[in-house]
Structures are given as C-alpha cells and as structure tokens.
Novice: 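One structure follows; several queries about it will come next.
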Protein chains: 2
Amino acid sequence: MPETPEIQLSDTSLTFAKGLAVLKCFDATSVTLTIPEIARRCDLDRAVARRLVLTLVRLGYVRQRGRSYSLSPRILVLAGGFLQGRRFGLAVQPVLEGFATQLGQPLMLAMRDGFDAIYVAHAGSEGVMPRLGFTVGSRLPLLSTSLGRALLTVEEPATRAALIAEAPLTAWTERSVTDRGRLAQLIGAVPAGTPVRASGEFEPGVTATSLGFRCDGGELAAIGHSSESALYTEPGFPEQVEATLQKCAAALRGLL
Amino acid sequence: MPETPEIQLSDTSLTFAKGLAVLKCFDATSVTLTIPEIARRCDLDRAVARRLVLTLVRLGYVRQRGRSYSLSPRILVLAGGFLQGRRFGLAVQPVLEGFATQLGQPLMLAMRDGFDAIYVAHAGSEGVMPRLGFTVGSRLPLLSTSLGRALLTVEEPATRAALIAEAPLTAWTERSVTDRGRLAQLIGAVPAGTPVRASGEFEPGVTATSLGFRCDGGELAAIGHSSESALYTEPGFPEQVEATLQKCAAALRGLL
DNA sequence: AATTTTTTGTGCGATTATCGCACGTTGCAG
DNA sequence: CTGCAACGTGCGATAATCGCACAAAAAATT
C-alpha cells in the first residue's frame with residue numbers, strides 16, 4: 001500500500017468524499033461534463049451529483065454553460081496554495097532554471113502520489129513539453145519512467161517492494177520493462193541517491209536520467225532530465241547530466 | 001457581481017462547501033495547519049473540521065505529520081485536469097514559448113476569477129518568477145496590474161463597471177492608481193483589444209503591457225509582458241511588445 | 001517538580017442535511 | 001407532428017452529520 005491511512009474508516013465525511021470525486025472526474029479527457037455524465041462516472045444519483053456540482057458552481061470552482069459544466073481557473077488557486085506554500089515560485093523554480101540553463105537541457109521535478117509520479121515543476125521546457133504535453137499536475141506511471149523509478153529508490157525498502165509489486169505496469173513502447181522481477185533487479189535494492197536511466201521505455205527515442213532525493217523535511221522528490229537518446233552517445237554527456245542532477249538535488253534538499 | 005450564480009440557494013451541499021473551505025484554507029501563508037487552527041479559520045466545530053480533514057487524508061489530498069496537516073502533491077492533479085483538458089501543455093505553452101523566445105522577453109497568461117486575475121501559464125520566466133514568486137495559481141489584484149486591467153477590457157461593459165466599482169483596490173506602490181474614477185477613465189471605456197500598460201504600479205521599476213482577448217469558445221484571457229521599465233525607453237520596444245502580444249493573442253484565441 | 005489552566009482528541013445521541021424516488025419537462029428522432 | 005428517451009427537480013423518509021460533553025495531553029504557572 002502506498003499511503004498508510006491507518007484505517008480511519010467512518011469518521012470521514014461521505015458527502016465531502018463524493019464531492020471530491022465529482023471534482024476529480026473533470027480530468028484531461030473530460031473537459032466538459034453534464035450532470036448525468038458526472039453521476040454515471042462517480043456512481044451517484046443524478047440528484048446528488050446535481051447538488052454537488054451546483055455547490056462547485058456556487059463556490060466558483062466550476063462554470064456552467066448551458067447544461068454542461070467545466071472547471072474554472074479557480075481550481076488553480078488550490079494548487080497555488082501547495083506551490084506557493086512550498087515556495088516553488090520563489091525558491092525552487094529559480095534553482096531549477098539555473099541548472100537547466102547551465103546544462104543547456106530541460107529539467108523536471110516530480111513527487112510521488114500513490115502509484116503515480118506527479119509533475120510538479122520544470123525548467124527549460126522548450127523541448128519536452130510540446131511533445132508530451134506535460135503540465136504541472138500531470139501523472140506519470142511510477143514504474144515506466146525514470147522519474148518514477150528514481151522516486152522509488154529513496155522510498156523505504158518495504159514500501160519500495162510493495163510498489164514494485166503492486167503499481168500498474170503498462171507497456172508504453174516495445175522497450176518497456178514489463179517484468180516486475182526485472183524491475184526489482186533494476187531498482188529494488190540500489191542505494192538511495194543512485195541515478196536511474198531509462199531509454200525509450202516510455203517514449204521511443206527518448207532517454208531520461210533521474211535522481212531521487214530525500215529532503216530535509218522528509219519529503220521525497222526526484223529531478224530528471226529527458227532528451228533524445230542520440231545525445232547520450234556524446235562523450236561526457238551522461239556524466240555531465242548526472243553531476244548536474246546531483247548538484248540540483250543538493251540545492252533543492254533544503255528548500256522543500 | 002463578478003459571477004452570476006443565479007441564486008441557487010439551498011440545493012447545494014453544505015458539507016461539501018465546508019470541506020472545500022477546509023481545502024482552501026491551506027494557502028500560501030499556511031503550509032501546515034492543525035485541526036483546531038483549521039476549525040477556527042473556517043469557523044467550524046473542531047469535530048467537524050477533524051472529520052473533513054481526515055476525509056482529505058484518506059483520499060490523499062492532505063498529509064498528516066503528527067498533529068499538523070499539509071497539502072499533498074495530489075492537489076496538483078486537480079489543477080492538471082484543468083490544464084491538460086484545455087491543452088495547456090500540448091498547445092498553449094508551445095505558442096507562449098515561441099513568442100517569448102522570438103521577443104526575447106517573458107510572457108505570461110492570466111484568466112479572471114472573481115476579483116482576481118489568476119496566473120495560468122508563463123514562458124521565458126527567468127526574469128519574472130524569482131522576483132515575484134509567481135506560480136500557476138497565483139492570484140493577482142485585478143485593478144492594480146496590467147494583466148488584470150487587460151482582462152477587464154474584454155469584459156462586458158456592465159461587468160466591467162461593476163468590477164471597477166467593487167474589486168479591491170490596494171496601493172502596492174506610491175505609483176499605484178487608487179482612484180476608481182481614474183481607473184474608469186483608463187480602462188472603463190476602451191474598446192476590447194486595447195493593450196494596457198502599467199508602470200511601477202504593482203512593483204517599482206517594472207513596466208508591464210498586457211492584452212486581453214476573447215477566445216473562440218468565449219473564454220476571457222490576457223497575455224502580458226513584464227520587464228524593467230528602462231527597456232521601454234528603447235525606440236521601437238513598446239511597439240514590438242504590443243505587436244507580439246497581438247500575434248500571440250490571435251494564436252491563442254482558437255486554442256482555449 | 002507539582003498543580004492549575006488551557007488546549008486538544010473523540011464517543012454518542014438528537015437533529016438536520018442528505019438521499020433517491022417520483023413526477024413533470026425538455027430535447028431528439030422517426 | 002408524434003413518440004421516446006434523457007434530463008431537471010420537489011419532497012418525504014432515512015441515515016449521515018453536528019456539536020456537546022468528557023478525557024487526555026500539553027502548556028503555563030506557582
């Protein structure tokens with residue numbers, strides 16, 4: 001199990017949970033939804049879904065256009081609470097930008113959330129974003145990306161093993177590693193702070209190197225670099241990337 | 001009134017609204033909160049606050065560390081639904097990046113949310129972000145920034161007047177315009193598509209130019225540029241900025 | 001260090017907000 | 001124009017929520 005909710009069963013608010021499910025069902029593929037659609041997706045009665053959606057409308061998180069509903073930019077304010085509270089704008093982003101321009105290559109930062117790695121920041125994004133369409137909040141598969149695997153290397157051994165055993169394992173390309181045993185070999189026992197490389201497993205022709213690190217506050221994160229695989233054949237390039245990642249991790253360790 | 005919720009009173013879920021208030025009270029200045037603090041901020045009974053927070057913990061939106069609670073990265077997934085749904089990663093960001101590098105200057109994109117302008121994207125952020133600490137989801141005052149005022153210029157005249165009359169008006173610097181009458185002169189009657197400039201009103205020594213636009217889908221947005229005021233004395237620079245903003249707005253109009 | 005005072009965590013019954021059925025309506029297709 | 005299906009919404013029964021009261025912990029005071 002990824003999180004340890006310590007089994008707090010029924011002193012949680014059911015209505016609130018349903019409401020959050022409604023909010024969550026506005027995802028990347030569902031820009032606008034009608035009330036019946038929402039009810040079906042969340043397995044709610046139409047009347048219930050209606051009341052919850054109207055609550056979101058009244059509070060400004062959702063906009064109504066005729067009979068269809070869509071998220072309003074206000075949802076970003078919630079994310080802003082997280083980002084600004086941890087000083088992503090003031091402290092993290094500048095560090096990332098600095099090392100990205102020094103390396104001349106994009107860098108990205110991710111944190112784990114359950115079975116996913118979540119994109120939390122990036123710098124020098126000219127190359128990577130248009131191709132993959134990543135934004136803040138994008139979810140990456142934990143086991144099929146170097147960022148995700150790097151996050152695993154700093155996890156407690158028990159958690160690491162559990163995640164390798166249970167996290168979804170999809171074949172994205174023909175080079176994807178789909179054998180959990182092989183994954184355990186790759187990242188099951190490496191010491192924390194080992195750079196992780198993946199070539200063409202998630203996206204053909206793209207190689208990525210990532211480094212997980214444990215922050216002073218205890219938070220886990222991973223920084224990564226992604227570029228065309230060809231670049232990695234240039235002498236010294238992999239070493240340069242890894243050195244930058246190490247320095248960047250060291251700089252970020254105290255900030256989060 | 002900014003939004004028109006059309007007075008849907010009591011077919012909204014009270015519990016859900018309270019839960020969202022709890023989620024919202026984790027803002028930039030409150031990274032970690034205890035249950036009693038949350039209860040006080042949201043004016044809730046401690047037991048109620050507890051149940052709502054534990055719900056957030058169980059669903060993974062909040063992390064518990066001893067007696068204090070803080071947002072988890074999962075909150076970004078909600079924002080990701082908005083960002084990816086509108087193709088910010090795939091379509092919007094590349095356009096922004098393109099024009100930003102062409103101009104050699106940072107560009108930023110904002111949308112209105114009530115009395116605030118909300119930062120939704122930026123490109124070429126080396127200069128502006130470290131200084132102001134803006135992130136996706138940052139809230140800017142509508143009347144005191146060029147981005148905010150540009151958003152007003154594309155609003156319906158009635159809404160525009162209402163916002164000029166009612167939106168908060170804080171003096172950020174000594175150059176801030178704090179007279180609503182003067183603001184009405186500046187932006188109350190200009191035609192949609194007029195660039196808006198502000199010099200040192202929000203931040204001393206910084207001049208910003210912004211342009212509001214109405215997208216094909218009806219969404220309102222504004223793109224802006226911000227730089228040291230000195231740059232604007234170079235001949236041709238203001239014109240170059242405005243031309244870029246116009247082209248960028250035209251390119252974005254069909255995307256949102 | 002011991003005691004007082006304040007603050008916090010949580011069980012339980014009354015009450016109230018919520019659920020989901022039912023009906024009336026709207027949009028769509030034949 | 002008619003029939004059908006999907007949708008929006010009032011209302012009573014019911015179950016989830018509220019907030020009090022108590023216990024425990026922490027903090028402040030003596």
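Each chain gets a letter, A, B and so on, in the order the sequences are listed, and its residues count up from 1.
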Novice: Indicate yes or no: does B:Glu219 engage B:Arg214 in a salt bridge with an N to O separation below 4.0 Å.
Specialist: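 Salt bridge between B:Glu219 and B:Arg214, a charged N being under 4.0 Å from a carboxylate O: no.
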Novice: In whole angstrom, give the distance that lies between atom CG of B:Asp11 and atom P of D:dG12.
Specialist: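 Nearest whole value for this atom pair: 16 Å.
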Novice: Can you tell me if B:Lys18 touches the phosphate of D:dC18, counting only side-chain N or O atoms and a distance under 4.0 Å to OP1 or OP2?
Specialist: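 Yes, within the criterion.
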Novice: Whether B:Asp11 and A:Arg51 form a salt bridge (side-chain N of Lys/Arg under 4.0 Å from carboxylate O of Asp/Glu) is what I want to check.
Specialist: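 Between B:Asp11 and A:Arg51 there is no salt bridge, as every charged N stays at least 4.0 Å from the carboxylate O atoms.
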Novice: Among D:dT17, C:dG9, D:dC7, which is the nearest nucleotide to the side chain of B:Arg67?
Specialist: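 The answer is C:dG9.
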Novice: Between A:Thr15 and D:dA16, is there a side-chain N or O to OP1/OP2 distance below 4.0 Å?
Specialist: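 The answer is no; no side-chain N or O of A:Thr15 sits under 4.0 Å from OP1 or OP2.
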Novice: B:Ile35 has an atom CD1; how far is it from atom C1' of C:dT10, in whole Å?
Specialist: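 Rounded to the whole Å, the gap is 10 Å.
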Novice: When you measure from the side-chain N and O atoms of B:Ser13 to the phosphate of C:dT18, is any distance below 4.0 Å, counting only OP1 and OP2?
Specialist: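 The answer is yes; a side-chain N or O of B:Ser13 sits under 4.0 Å from OP1 or OP2.
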Novice: CD1 of B:Ile38 versus P of C:dT7: gap in Å, rounded?
Specialist: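 Atom CD1 in B:Ile38 sits about 18 Å away from atom P in C:dT7.
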Novice: Separation of A:Arg51 atom CZ from C:dC21 atom P, in whole Å?
Specialist: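 About 14 Å, once rounded to whole Å.
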Novice: Tell me which nucleotide among D:dG19, C:dT8, D:dG8 gets nearest to the side chain of B:Asp45.
Specialist: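 Closest nucleotide among those given: D:dG19.
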Novice: Identify which nucleotide among C:dT18, D:dG8, D:dA21 has an atom closest to any side-chain atom of B:Arg46, counting heavy atoms from C-beta outward.
Specialist: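 From the listed options, D:dA21 comes nearest.
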Novice: Are B:Glu203 and B:Thr173 close enough that a side-chain donor and a side-chain acceptor fall under 3.5 Å?
Specialist: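 Distance-only check fails for B:Glu203 and B:Thr173.
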Novice: At less than 4.0 Å, is any side-chain N or O atom of B:Arg40 found next to OP1 or OP2 of C:dT8? Yes or no.
Specialist: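 Answer is yes, contact under 4.0 Å.
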Novice: Any idea which of C:dA17, D:dT9, D:dA16 is nearest the A:Arg50 side chain?
Specialist: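 The answer is D:dT9, which lies nearest to the side chain.
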Novice: Relative to the 5' end of DNA chain C, which residue comes earlier, B:Ala47 or B:Thr34, by the nucleotide with the nearest heavy atom?
Specialist: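 The residue closer to the strand's 5' end, by nearest nucleotide, is B:Thr34.
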Novice: Relative to the 5' end of DNA chain D, which residue comes earlier, A:Leu14 or A:Glu37, by the nucleotide with the nearest heavy atom?
Specialist: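 It is A:Glu37 whose nearest nucleotide is closer to the 5' end.
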Novice: Inspect the contact between B:Arg149 and B:Glu155 and indicate whether a charged nitrogen and a carboxylate oxygen are less than 4.0 angstrom apart.
Specialist: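 A salt bridge is absent here (no side-chain N lies under 4.0 Å from a carboxylate O).
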Novice: Is it the case that the side chains of A:Thr135 and B:Gln93 hold a donor-acceptor pair, with the cut-off being a distance below 3.5 Å and no angle test?
Specialist: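 Result is no, nothing qualifies.
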Novice: Could you state the CD-C1' distance from A:Gln64 to D:dG8, rounded to the nearest angstrom?
Specialist: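 After rounding, the gap between these two atoms is 11 Å.
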Novice: How many whole angstroms separate atom CZ of A:Phe16 from atom P of C:dA17?
Specialist: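 After rounding, the reported distance stands at 18 Å.
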